[in-house]
Every structure is written in structure tokens, then in C-alpha cells.
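Only one structure is covered here, and it is reproduced in the block below.
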Amino acid sequence: MVKRIEFATHGGPEVLSYADFDLKHPADNEIQIENHAIGINYIDTYVRSGLYPVASLPSGLGTEAAGIVVKTGSQVTGFRPGDRVMYAQGPLGAYSEVHNVPEHAVAHLPEGVSFKQAAASGLKGMTVYYLLNQTYQIKRDEVFLFHAAAGGVGLIACQWAKALGAKMIGTVGSAEKAQRAKAAGAWETINYQTEDIAERVKEITQGEKVNVVYDSVGASTWIASLDSLKRRGLMVSFGNASGPVTGVNLGILNQKGGLYVTRPSLGGYVTNRAELDQASKALFDMILSGKVNVDVPEEQVFALKDAQKAHTTLEQRKTQGSSLLLP
Ligand code: NDP
């Protein structure tokens, strides 16, 4: 038996329970990992609430952690018990003391990257990698807009943008978060609680606007994001923190200048060993070179049994950067 967080119905943080779970021996292609730090992602709240579907209930939660290999299935070739590893796209159930993960989703952890750093940055950092390098290639001195810049994904994006020599305009929900995003490398910030996003983007860019907007806030920023784009610009809609964008009349893309829209996820960019090795190496290189700091403040490190509290804090927009659970 291991302890894990599970939920039997969809709903708010209160549906999460700390329960005993009868973990099976790993399947032939699986690795059994003792989790030392578990990543909390906003996506986990969508799974818990029912916005993203689950195969069956009761279900485990979470897809990301870092730890030590304890057992391997008979067909596993790249890992041995004792190896330090991380996974960002595991099967649901990472909010657990121990978890079984298919080999193709597991990466070795280099010396110098701690379990906490890996769990705080795996999913979020590889997301920033594909967004800024693959979905659209951000160039030196390029000005672009990135929403929720003081969040987990956002603070990594601020630092990565600075490392690329780009000028990121980051949106945030408070003056304190604006300071944090700037300190991390955002070129300019916009407080979307008090300022008009598109107007400020026009002002900052002296009327030019931007080639690309990265929007994980969703419903509440959709129109402002489109209005911040130059003619034929690219809208990258990659999340739903304020609710999903639905019911779009494609004509709006014509009205606002022949815009492009994509709705990507990490699952569309990291699909095999080669892509995982490439994205995780890019992230680890950024951490090891000191260009991206992913240390988590103590008040955002929660005990596994306190997952309810961790989700409440995240959804109340009280966090900056990443949050962790410790088994
Ligand atoms: P964050 O730490 O960024 O938390 C979400 C942030 O969104 C909040 O802190 C808040 O910042 C902002 N926000 C804006 N409107 C709302 C609202 N109505 N309710 C709650 N929060 C709001 O989370 P993550 O770093 O884990 O993820 C960031 C986003 O990226 C999420 O939308 C997630 O789904 C998406 N994502 C997408 C991936 C992909 O590949 N498609 C992969 C990973 C994450 P503020 O107070 O400053 O407004």
C-alpha cells in the first residue's frame, strides 16, 4: 500500500482525499518511481474539476514528479533501480508516494538538478521551451506578449525570454506580481486587473503591436490578445485559467487582420524519447547555466496530504512561480 491523493467525483479542492492505494508491480514497459518531489500544475485543477476528462473514477491526480527508480518492468532497458529521474507527462497519479510510469515518459536527472527543481520545472519548463522555440521562434529583440507572467510557466518564460535577448511583455494580476515578473526578466508588465491589455500593448510598442501572443488565461483575455496582434500575427492559446475559449466565429480572425490561431499542448511536441531528451536537455541546460532559476519558496511547498490546500492557494491566485507537494 502507498499513500496517494485521489478523487471519486469532480469538483473543488474538497473532493481530493489522502488515501491508501494498492500499487501494482510495474508492467513490462514501466518504471516504479519513489517520488521525492511532486509538481503541481494548473492542469491538475482542470482534471479535478472535470474540464479535462479522466478515463474512470476514482482516479489519481497529477502527472509530474522527480525521484528514484525502485523497480523496473522486464522490457525496460534505459533505467536501473537507484537512478535519479523525473517525469512530466506520466499517467494520472503522480500525487503519490510511489508511481508507475512508462519508460518513454521518464528522463534521467543530471547531477546538479535537485528533485525539487525538476518537479517544479519539468512540465512548465518544457512547455516554455516548445512555445518560445517551436510553436513560434522568438528572436533577439523581438517584443511579444505572454499572459500570467508571474505564474509557474510565466516566471520560467520571463527568464527564458531574457536569455534569448527578447522583450517579453508579461501580464499579471497584481503590483507585487509585476515586480516579480520584472525581476525575473520581463521587459514590461501590464496589470490586467487595472489596465487595458491591448491599449497598453499599443502604447508600449508605439502602435506596432506584436507578432505573437501566448495566452494561458483563456476566456477572459481572448479578445484582448487578438487585439494585441499585428496583421497576420499568431495567437497561441495554451490554457484556460479563467475558463476555456469556446464558440469562436472564425470570421473574427479576418476582422482583426487575417490572424492565425493555434491551441498546442506539450503532448503535441514531446511524443517520444528523442523529443523528451531534446526538450528536457534544453531545460536542464538553462537551469544548470543559471539562466533559469526554479527554486520554490517554502510557503509554496506543501505536504502531499495537504493537496486540498495547495489547490485552493493556486486557484485563489495567491502563488508566484511553481508549487510542490512533498510525500
Ligand atoms: P500558474 O502558476 O500560472 O497559475 C495560473 C495563473 O493564471 C494564476 O496565478 C493567475 O495569475 C492567472 N489567472 C488569470 N486569470 C485567472 C483566473 N480567473 N483564475 C485563476 N487564475 C487566473 O499555473 P501553471 O504555471 O501551472 O500554468 C499556467 C497556465 O499554462 C495554465 O493555464 C495551464 O493550463 C497552462 N499550461 C499549458 C500547457 C500546454 O502545453 N498547453 C502546459 C502547462 C501549462 P495572476 O494572478 O497574475 O492573474
Side-chain angles (χ1 to χ4, degrees), residues 12-13 38-49 51-52 61-64 88-89 94 119-136 145-160 169-182 184 186 189-195 197 213-222 224-225 235-245 261-271 275 279 283 292 294 296-297 300 302 310-325:
I38 299 161
I40 301 177
N41 289 287
Y42 213 87
I43 295 164
D44 305 337
T45 71
Y46 309 147
V47 174
R48 189 208 69 220
S49 72
L51 179 63
Y52 286 3
L61 189 60
T63 61
E64 171 174 57
Q89 298 167 288
S121 68
L123 198 152
K124 300 172 189 77
M126 290 195 290
T127 295
V128 171
Y129 169 69
Y130 85 72
L131 289 173
L132 303 192
N133 294 284
Q134 296 179 314
T135 307
Y136 177 96
L145 181 63
F146 200 107
H147 289 296
V153 173
L155 277 188
I156 296 175
C158 293
Q159 299 176 78
W160 208 303
I169 306 174
T171 62
V172 291
S174 69
E176 197 191 335
K177 288 186 178 187
Q179 263 183 5
R180 184 76 191 276
K182 274 229 164 147
T189 55
I190 298 173
N191 181 341
Y192 45 30
Q193 301 288 12
T194 57
E195 298 179 293
I197 298 170
V213 175
Y214 296 99
D215 188 338
S216 66
V217 172
S220 70
T221 46
W222 166 251
S225 292
M235 166 67 172
V236 183
S237 174
F238 73 101
N240 331 270
S242 70
V245 176
V261 178
T262 180
R263 179 37 178 113
S265 75
L266 185 63
Y269 285 82
V270 171
T271 64
E275 288 168 352
L283 171 63
V292 169
V294 292
V296 177
Q300 285 174 213
F302 299 86
H311 272 217
T312 303
T313 310
L314 180 63
E315 288 175 286
Q316 289 179 344
R317 304 164 78 160
K318 289 182 179 156
T319 60
Q320 296 181 13
S322 304
S323 304
L324 292 173
L325 294 170

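Both backbone and side-chain heavy atoms feed into the values below; hydrogens, waters and symmetry mates do not. Only a predicted model underlies this, so the values are computations on that prediction, with no experimental measurement involved. One-based numbering, in listed order, for ligands and for the atoms of each.
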For [atom], find the nearest protein heavy atom and state the residue, atom name and distance (0.1 Å precision).
atom: atom 22 (C) of ligand 1; value: Arg317 NE, 3.5 Å
atom: atom 35 (C) of ligand 1; value: Phe238 O, 3.6 Å
atom: atom 6 (C) of ligand 1; value: Ala148 CB, 4.2 Å
atom: atom 39 (C) of ligand 1; value: Tyr130 OH, 3.4 Å
atom: atom 25 (O) of ligand 1; value: Val153 N, 2.8 Å
atom: atom 31 (C) of ligand 1; value: Tyr46 OH, 3.5 Å
atom: atom 2 (O) of ligand 1; value: Gly152 N, 2.9 Å
atom: atom 23 (O) of ligand 1; value: Tyr42 CB, 3.5 Å

*Compare Ser220, Ser237, Ala241 and give the one whose heavy atom is closest to atom 19 (N) of ligand 1.*
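When every heavy atom of Ser220, Ser237, Ala241 is considered, Ala241 comes closest to atom 19 (N) of ligand 1.
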_Selected option - heavy-atom contact closest to atom 11 (O) of ligand 1, from Gln89, His147, Lys177, Glu176_ =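 Heavy atom nearest to atom 11 (O) of ligand 1 belongs to Lys177.
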_I'd like to know whether ligand 1 has Tyr269 as a neighbour, heavy-atom separation below 4.0 Å._
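No heavy atom of Tyr269 comes that close to ligand 1.
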*ligand 1 contact by Ala150, heavy-atom criterion under 4.0 angstrom*: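 Distance cut 4.0 Å: Ala150 fails for ligand 1.
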Are [X] and [Y] close enough that some pair of their side-chain heavy atoms sits under 4.5 Å apart?
X: Ile197; Y: Leu145; result: yes
X: Met235; Y: Tyr214; result: no
X: Lys124; Y: Ser121; result: no

*Hey, is the main chain of Ser322 close enough, under 3.5 Å, to the side chain of Gln300 for a donor-acceptor pair?*
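Checked: pair present.
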*Verify, without hydrogens or angle tests, whether Ser242 (side chain) and Ser220 (backbone) share a donor-acceptor contact under 3.5 angstrom.*
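Present.
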Run the numbers for me: atoms of ligand 1, each under 4.0 Å from some heavy atom of [X], listed by number.
X: Asn240; answer: 32 (O)
X: Val172; answer: 47 (O)
X: Ile43; answer: 34 (O), 42 (C), 43 (C), 44 (C)
X: Asn41; answer: 26 (O)
X: Gly151; answer: 1 (P), 2 (O), 3 (O)
X: Ser265; answer: 39 (C), 40 (O), 41 (N)
X: Val217; answer: 14 (C), 15 (N)
X: Leu123; answer: 42 (C), 43 (C)

Indicate yes or no: does an N/O atom of [X] lie under 3.5 Å from an N/O atom of ligand 1?
X: Tyr192; value: yes
X: Leu314; value: no
X: Ser216; value: yes
X: Gly239; value: no

Once rounded to the nearest 0.5 Å, what's the spacing between atom [atom1] of [X] and atom [atom2] of [Y]?
X: Asn41; Y: Tyr46; atom1: CG; atom2: OH; value: 10.0 Å
X: Met126; Y: Glu64; atom1: CE; atom2: CD; value: 7.5 Å
X: Phe238; Y: Ser265; atom1: CZ; atom2: OG; value: 11.5 Å

_Part of Ser174 with heavy atoms under 4.0 Å of ligand 1, whether side chain, backbone, both or neither_ =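 Neither part.
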*Could you go through the side chain to side chain donor-acceptor pair (under 3.5 Å) check for Asp44 and Tyr52 one step at a time?*
CA-CA 9 Å; Asp44 305 337; Tyr52 286 3; over 6 Å; no
Side chains of [X] and [Y] only: does a donor on one sit below 3.5 Å from an acceptor on the other?
X: His147; Y: Thr171; value: yes
X: Tyr269; Y: Thr135; value: yes
X: Asp215; Y: Thr221; value: yes

*More than 12 foreign heavy atoms under 6.0 Å from CD of Glu176: is that the case here?*
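Counting neighbours around CD of Glu176, 12 or fewer heavy atoms of other residues, nucleotides or ligands fall under 6.0 Å, so no.
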*Has Glu315 got more than 12 heavy atoms of other residues, nucleotides or ligands less than 6.0 Å from its CD?*
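Atom CD in Glu315 is crowded, with more than 12 foreign heavy atoms closer than 6.0 Å.
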*Among Val236, Ile169, Val153, which one satisfies side chain to side chain contact (heavy atoms under 4.5 Å, CB included) with Phe146?*
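Looking at Val236, Ile169, Val153, the match for Phe146 under the side chain to side chain contact (heavy atoms under 4.5 Å, CB included) is Val153.
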